[in-house]
Protein chains: 2
Amino acid sequence: MTRWLDDDEQRTWRDFLAATQLVNEALDRQLQREAGMPHTYYMILVALSEAPERSMRMSELAARAQSSQSRLSHAVARLEERGWVRRRPCDSDRRGSFAALTDEGFAALAAAAPGHVEEVRRSLFDVLTPEQLGQLAEICAAVRNTLEP
Amino acid sequence: MTRWLDDDEQRTWRDFLAATQLVNEALDRQLQREAGMPHTYYMILVALSEAPERSMRMSELAARAQSSQSRLSHAVARLEERGWVRRRPCDSDRRGSFAALTDEGFAALAAAAPGHVEEVRRSLFDVLTPEQLGQLAEICAAVRNTLEP
DNA sequence: GCTAAGTATATGAGAGTTCAACTAAAATGG
DNA sequence: CCATTTTAGTTGAACTCTCATATACTTAGC
C-alpha cells in the first residue's frame, strides 16, 4: 500500500532535511549572535520595511513574513517592547490593526542586514554553481506554487 | 562592501525560505496530528530503529538525528516518559549513556511511518520531475558537505 | 434591522528549543 | 601520577511556537 522511499529517495530526503536545517540554523545563529533576533523577527522587519510608510495590516504582514497570525501577534508584541515596531488601530476596519516599523526598528534592520546577507551567501549561494542556483530556483518555485494556499 | 542580492537572487532566496518552510510545516503538522509527535522526535526514533539492537550512544544519536545534544537530551527525557525510549548507562565510558528504542517506541514509529512517507511524497517528491529530484539531490549534498562540521 | 456566520487579532497554556552553566568522567602531558 | 584540558551528558531559565479559545467587529441572509 505505502510507497516507501527507495535508497536513492531516502538519501535525497535525508540530504534535503540536513541541508535545509543547516542553512536555517546558520541563519538563525548569525542573526541571534550579531543582531539579537531570530530569523522570523528579521523577516517581519524586512516585510515592514518594504511596505508603504513601513506599515502594514497584521494579516498582510503575516502572509508576507510567512508567519502564522498567532506567531506574528506574539512576535510583534516582543518587537513592540523593544521599540522596533508600533501598532496602531485601523480606521476603516475596527477589528484590524497596523504594525509600523519605527526608526529604531529600521536602524536595527539596517544594522543586521549586511551580516545576514553575508551568511546567506556563505551558507547557500556560494556553495552552488550558477546552474544549480537556477535549478534550485525552479524547484523552490514549484514547491511553493504547489503547497502554498 | 556588502554584496547585496540582486532581484533574481532575492526571488530565489525567498522561494527557498518559503518552500523549505512549507515542507517542514507540512511534515510537522502531519506527524503531530496523526502520531502526536514533532518531526524531531520522529527522526530520533528512526535513527534508533536503524541502530544495532535499536540502541545508540547519545552523542551518536544526536549526530544521526541532526539534533543538538541539549535538544536530544530534553527530547529523550520526554520520549522516556512516554515509554518509547529507555536510557541505560554505558559500561566502557561511565560518562556516557545509551538510548534504546522500546517495543512500544518501535510500534509508535511503525504506526507513524506510512502517513509520514505519504506526506513526504505529497509535499516534495510528487511536486518535482525526476530530473529536478536529481538536481535537488546534488544541491543538498553540496550544501551538506560544505556546511556540515 | 436583526440575527447568524465569518473575519481580524489577541491571549494563555503547553511544548520544544537554545544557551550557558554544571557535573562527572576520561584523556593528555609534563 | 597529578593537574589540566576535553568530552559526555544533563539541567534550568528564557524564549519562541503552536493550538485552542476568546473578543470584537463586519458581513450576509432573511
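Everything numeric in this text was worked out from a predicted model, so none of it was measured. Per chain, numbering begins at 1; letters A, B, ... match sequence-line order.
- Residues Ser92(B) and Arg78(B) both approach DNA chain C. Their nearest nucleotides, taken by heavy-atom distance, put Arg78(B) toward the 5′ side.
- In this structure, of dC17(D), dA10(C), dA25(C), it is dA10(C) that holds the atom nearest to the side chain of Ser97(A).
- Nucleotide dG14(C) holds its P atom 22 Å from the CE atom of Met37(B), rounded to whole Å.
- As judged by a 4.0 angstrom heavy-atom cut-off over every strand, Phe98(A) is placed among residues making no nucleic acid contact.
- For residues 78-137 of chain B, the set of pairs meeting the ring pair (Phe, Tyr, Trp, His ring centres under 6.0 Å) definition, not counting sequence neighbours, comprises His39(B)-His116(B), Tyr42(B)-His116(B).
- Residue-level contact check: Arg87(B) touches the backbone only, with heavy atoms under 4.0 Å from sugar-phosphate atoms and none from bases.
- Computed from coordinates, the Leu61(B) CG to dA8(D) C1' distance equals 13 Å when rounded to whole Å.
- Partners of Glu118(A) by side-chain contact (heavy atoms from CB on, under 4.5 Å), not counting sequence neighbours, listed by chain and number: Arg122(A).
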Report, one pair per line, the protein and nucleotides 18-21 of chain C atoms (nitrogen or oxygen only) whose separation is under 3.5 Å.
| residue | atom | partner | partner atom | Å |
| --- | --- | --- | --- | --- |
| dT18(C) | OP1 | Arg71(B) | NH1 | 3.3 |
| dT18(C) | OP2 | Arg71(B) | NH1 | 3.0 |
| dT18(C) | O4 | His74(B) | NE2 | 3.2 |
| dC19(C) | N4 | Ser70(B) | OG | 2.6 |

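- Distance CZ (Arg57(B)) to C1' (dT10(D)): 14 Å, rounded to an integer number of Å.
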Tabulate below the donor-acceptor pairs under 3.5 Å that side-chain atoms of residues 135-147 of chain A make, not counting sequence neighbours, or state none.
| residue | atom | partner | partner atom | Å |
| --- | --- | --- | --- | --- |
| Arg144(A) | NE | Glu148(A) | OE1 | 3.0 |
| Arg144(A) | NE | Glu148(A) | OE2 | 3.4 |
| Arg144(A) | NH1 | Asp15(B) | OD1 | 2.8 |
| Asn145(A) | ND2 | Ala141(A) | O | 3.1 |
| Thr146(A) | OG1 | Ala142(A) | O | 2.8 |

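- Salt bridge annotation for Glu9(A)-Arg121(B): present, with a cationic side-chain nitrogen under 4.0 angstrom from a carboxylate oxygen.
- Closest approach to the Thr40(B) side chain among dA26(C), dT17(C), dA10(C) is made by dT17(C) (side chain taken as heavy atoms from C-beta onward).
- Met1(B) shares a hydrophobic cluster with no other residue; no ILVMFWY side chain has heavy atoms under 4.5 Å from its own.
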Check the interface with nucleotides 2-7 of chain D: list each N/O to N/O pair with the protein under 3.5 Å, or write none.
| residue | atom | partner | partner atom | Å |
| --- | --- | --- | --- | --- |
| dT7(D) | O2 | Arg95(B) | NH1 | 2.6 |

